[in-house]
Amino acid sequence: MSMKKESPWDVELHLAAARGDAKRLQLLLDSGRVHVDCKDKDGTTPLMLSAAGGHYDSVAELLQQGADPNSKRLTGTNALFFASQGGFADIATLLLDHGAIVDSSSIDGGTPLFVACQYGHYNVVENLIDRGANVNAHMKDGANALFIASQNGHVRILNLLLDHGAKMDATRTDGATPLWIAAQMGHDHVVKRLLKAGAKVDATRHDGATPLFKAAHKGHTAVIGELLKYRPSLGILPNGESALHAAALTGHMTVSRQLVGAGADPLLMNQEGLTPLQFAIRHSQHQVANYLKEKVRQRTSTR
């Protein structure tokens, strides 16, 4: 269909689809005044609207009337994308049964599987995988479905993806891995699962930050507890800092205790020649500074 200006009949069909009024859809389509795949200025069809709203009967009516399940908006999204995003497993199944392409992607590379992972719709993810969805497809920025699930803390979906061969250390274009993003977001249950599955604990983003560094910067103590079980680097990282420098900068007292307890050095100099203790003093993080001073004093007195 061309992107011509909408007629009043087009508008009415779109409204009926958005409301899930299957009877009105049938009447309008049977009148012959409107095409089942008429589009608005964004390329949205009635089928997309009904799928996005979770209106099963309307989706069924539109498909029976010949609606194209693979018609796309200007963004590249389609009815299956919206059904998956909304968690409507029955509608996703119906669309697939009518020929929807399981891995049809948007202009940024996102597939129905991606949005189902993003919003935590386990049943939809399971169904899409069973219907052949590629678990290792990735967006233009390199993020795969496992990355998306890790970012959003959906550990059940993460397990499902791993069971079906998802690449655990696949990186985004900036070098971030699923473990890295889970650590940044504070999802300790995801971090635990990824580490147990063999994720690289010191996988480094292009800016030189590791999962431990980012968790220390954010103050995610539970994440740090999981990471420390796998002996991450406590020394100077490729970004010129250590995880203890990050904790000192931001004043995370519990994190500082965790890191020092694991062997981090309060007097380790960064690329600028500053120690975590000096960092804490410079940035007026008095509680951390006093703690580090005491640790330095204790170490000096035992020599």
Side-chain angles (χ1 to χ4, degrees), residues 1 17-18 20 36-37 39 42-168 170-173 178 181:
M1 293 294 291
V36 67
D37 284 327
K39 294 183 176 182
D42 297 315
T44 309
T45 65
L47 183 64
M48 296 176 201
L49 291 170
S50 287
H55 304 305
Y56 183 92
D57 291 343
S58 295
V59 170
E61 177 64 32
L62 289 163
L63 289 169
Q64 185 177 338
Q65 295 267 7
D68 180 4
N70 293 306
S71 183
K72 291 188 173 187
R73 299 182 81 225
L74 297 180
T75 58
T77 49
N78 61 12
L80 182 59
F81 185 97
F82 292 118
S84 301
Q85 186 177 51
F88 306 122
D90 54 347
I91 292 176
T93 297
L94 184 61
L95 290 165
L96 289 165
D97 288 344
H98 281 78
I101 298 170
V102 69
D103 281 329
S104 179
S105 64
S106 63
I107 58 175
D108 64 0
T111 65
L113 180 64
F114 277 70
V115 287
C117 289
Q118 179 180 2
Y119 289 96
H121 301 311
Y122 183 91
N123 291 341
V124 176
V125 172
E126 187 175 43
N127 187 24
L128 290 170
I129 292 175
D130 287 344
R131 298 296 286 263
N134 180 5
V135 297
N136 286 310
H138 57 81
M139 299 178 69
K140 287 185 176 179
D141 67 359
N144 63 8
L146 189 68
F147 189 99
I148 300 300
S150 300
Q151 184 176 31
N152 290 279
H154 302 309
V155 72
R156 285 187 69 221
I157 290 175
L158 180 145
N159 285 328
L160 184 61
L161 293 169
L162 288 174
D163 288 343
H164 285 83
K167 294 179 180 177
M168 186 165 39
T171 61
R172 200 168 55 182
T173 51
I181 197 67

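Reckoned from all heavy atoms, side chains included, excluding hydrogens, waters and symmetry mates. Counting begins at 1 with the first residue of the sequence.
- Shortest non-hydrogen contact noted between G99 and P69 is C-CG, 4.1 Å.
- You'll find the side chain of L47 reaches within 4.5 Å of the side chain of L95, heavy atoms only.
- The distance from atom CG of L63 to atom OG of S58, rounded to the nearest 0.5 Å, is 10.5 Å.
- Side-chain atoms of S150 and L158, non-hydrogen and from C-beta on, do get closer than 4.5 Å to each other.
- Of the residues D97, T93, D103, the one that meets the side-chain hydrogen bond (donor to acceptor under 3.5 Å, both in side chains) test with R131 is D97.
- For the pair V59 and A51, the tightest heavy-atom approach, listed with the atom from each and the gap, is CG2-N, 3.6 Å.
- Atom CE of residue M139 and atom OG of residue S105 lie 9.5 Å apart, to the nearest 0.5 angstrom.
- Taking OG of S106 as the reference point, atom NZ of K140 lies at 8.5 Å (rounded to 0.5 Å).
- In this structure, A100 and L80 approach most closely via the heavy-atom pair CB-CD2, 4.2 Å.
- With hydrogens and angles ignored, the 3.5 Å screen pairs a side-chain donor or acceptor of D108 with a backbone N or O of G110.
- One finds the CD atom of Q64 at 8.0 Å from the NE2 atom of H98 (value rounded to the nearest 0.5 Å).
- Judged by distance alone, the side chain of K72 and the main-chain N or O of G43 form no donor-acceptor pair under 3.5 Å.
- Using a 4.5 Å heavy-atom threshold, the side chains of V36 and L62 count as touching.
- D37 and G66 get closest at one heavy-atom pair: OD2-O, 4.1 Å.
- Rounding to the nearest 0.5 Å gives a distance of 14.0 Å between NE2 of H138 and CZ of R172.
- Other residues, nucleotides and ligands contribute over 12 non-hydrogen atoms within 6.0 Å of the NE2 atom of H55.
- Proximity of a side-chain donor or acceptor of N123 to a complementary backbone N or O of A89 within less than 3.5 Å is not detected.
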- Task: Tell me, with the steps shown, if L162 and L146 meet side chain to side chain contact (heavy atoms under 4.5 Å, CB included).
- Result: CA-CA 8 Å; L162 288 174; L146 189 68; 3.9 Å; yes

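- You'll find the side chain of L161 reaches within 4.5 Å of the side chain of I129, heavy atoms only.
- Panel note: side chain T77, backbone F81; no donor-acceptor pair is recorded below 3.5 Å.
- V125 is listed as a side-chain neighbour of C117, based on a closest heavy-atom distance under 4.5 Å.
- Here the closest non-hydrogen pair linking N144 and A170 is ND2-CB, 3.5 Å.
- Using modelled atom types, one finds no donor on one side chain facing an acceptor on the other under 3.5 Å when comparing T44 with D42.
- Contact of the S50 side chain with the E61 side chain is not registered, since no non-hydrogen atoms from C-beta on lie closer than 4.5 Å.
- Across all their heavy atoms, Q85 and Y119 have their closest contact at CG-CE1, 3.6 Å.
- Between the side chain of N136 and the main chain of K167, a donor-acceptor pair closer than 3.5 Å is present.
- The closest side-chain heavy-atom distance from N127 to L96 is below 4.5 Å.
- Remark: the backbone N or O of I101 is paired with a side-chain donor or acceptor of N70 at under 3.5 angstrom.
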